[in-house]
2 protein chains.
Amino acid sequence: MNNQAQLDRSFLALSHPVRRTIVERLTRGPATVGEASQGLPVSKPAVTKHLKVLEDAGVVARTVSGRTHVLRLRRRALRDATQWLELHRALWEAKFEAIEEHIAKEDTA
Amino acid sequence: MNNQAQLDRSFLALSHPVRRTIVERLTRGPATVGEASQGLPVSKPAVTKHLKVLEDAGVVARTVSGRTHVLRLRRRALRDATQWLELHRALWEAKFEAIEEHIAKEDTA
DNA sequence: CTGATTGTTCACCTAGAGGTGAACAATAAC
DNA sequence: GTTATTGTTCACCTCTAGGTGAACAATCAG
């Protein structure tokens, strides 16, 4: 399985406010589709599509329980995305602080 | 300024392998467009577009120097994206470890 | 059985992402 | 001045993201 493509999907999944809201709600515990999408400014078919993006990215898992579908977060995809950022942050935080400060001073002048 | 929209763009910027490669290379120091995109499997116009996405997201800054354009990372956008992930990771890591283990056992059974 | 509820699927639309080759602009080198 | 280099802009293409209303499937409640 291609790890790059998996990262693509994870970051893409987080790049839409509706999907980030759903993820935020699921951090408070599993929820049905209706609960997780309540009040969001989109139609039901749109929610279905956003959930497909989240599931394809491995960010969310679904358990069908009767007529309701219970959603919960999966840790791996989100952990991988976090690790990519932290890995590279360590480098740029150390390296470019001085450079940026230098440029900020130039901009002010 | 809308912080949500800014997060949208940052995560979107990271959702493409060509753009992530450019970011990775810039963690090793500023580079020209040619250096940062060397060997990538896309044409020059495509690189120009990817750079626009990175700049719009605030991930990359550009300094025109003669006929070459020097690119460097900006910390803020990447830091904000990292913080969003870490903020929510703290919650889901704590809350769902037990649940996922439980489900894993069910799947095995 | 009937009706309400939950969520998906279907058919459709529009805007934008991502790609290209060709032409151009600006600078650097000779 | 002429040529090479760096990168963008232009015109174009295709595919997908994101949205909708209407219809459907499945389950639950009466």
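Numbered from 1 within each chain, the chains take letters A, B, ... in sequence-line order. This structure is a prediction, so every number in the text was calculated from the model and none was measured.
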Undergrad: Under the rule for side-chain contact (heavy atoms from CB on, under 4.5 Å), what residues qualify as partners of S43(B), not counting sequence neighbours?
TA: P45(B), A46(B)
Undergrad: Which residues pass the side-chain contact (heavy atoms from CB on, under 4.5 Å) test with H88(A), not counting sequence neighbours?
TA: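 Partners of H88(A) under the side-chain contact (heavy atoms from CB on, under 4.5 Å) test: W84(A), W92(A), E24(B), T27(B).
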Undergrad: Please name all residues satisfying side chain to side chain donor-acceptor pair (under 3.5 Å) with D80(A), sequence neighbours left out, ordered by chain then number.
TA: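 Here no residue qualifies.
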Undergrad: Does K44(A) have any salt bridge (charged side-chain N to carboxylate O under 4.0 Å, His left out) partners at least two apart in sequence or in another chain, and if so, which?
TA: none
Undergrad: Check the distance between dT6(C)'s P and R62(A)'s CZ and give it to me in whole angstrom.
TA: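 For the pair R62(A) CZ and dT6(C) P, the rounded distance is 15 Å.
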Undergrad: Check the distance between dA4(C)'s P and R67(A)'s CZ and give it to me in whole angstrom.
TA: 12 Å
Undergrad: With sequence neighbours excluded, what pairs up with L40(B) under the side-chain contact (heavy atoms from CB on, under 4.5 Å) test?
TA: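 L40(B): side-chain contact (heavy atoms from CB on, under 4.5 Å) contacts with V18(B), T21(B), I22(B), R25(B), S37(B), V42(B).
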Undergrad: Measuring from R62(B):CZ to E55(B):CD, what's the distance to the nearest 0.5 Å?
TA: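 Here the interatomic distance stands at 4.0 Å.
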Undergrad: Please list, in numerical order, the residues of residues 45-55 of chain B that have a heavy atom closer than 4.0 Å to any atom of DNA chain C.
TA: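 Output list: P45(B), A46(B), K49(B), H50(B).
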Undergrad: Any pair with a residue in residues 15-47 of chain A that passes ring-ring contact (aromatic ring centres under 6.0 Å, His included), sequence neighbours left out, goes on the list, sorted by first then second residue, please.
TA: H16(A)-H50(A)
Undergrad: Classify V42(A) by what it touches in the nucleic acid, base, sugar-phosphate, or nothing, heavy-atom distance under 4.0 Å.
TA: sugar-phosphate
Undergrad: Can you list everything that forms a side chain to side chain donor-acceptor pair (under 3.5 Å) with R67(B)? Sequence neighbours excluded, please.
TA: none
Undergrad: In terms of the nearest nucleotide of DNA chain D, which residue is placed more toward the 5' end: T68(A) or V18(A)?
TA: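 Of the two residues, V18(A) wins.
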Undergrad: Taking any atom closer than 4.0 angstrom to a non-hydrogen atom of chain A, what span of DNA chain D does the protein reach, first nucleotide to last?
TA: dG18(D) to dC28(D)
Undergrad: For a quick check of understanding: with a heavy-atom distance under 4.0 Å over all strands, which category does S43(B) fall into, base, sugar-phosphate or nothing?
TA: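 Base, at least one base atom sits under 4.0 Å.
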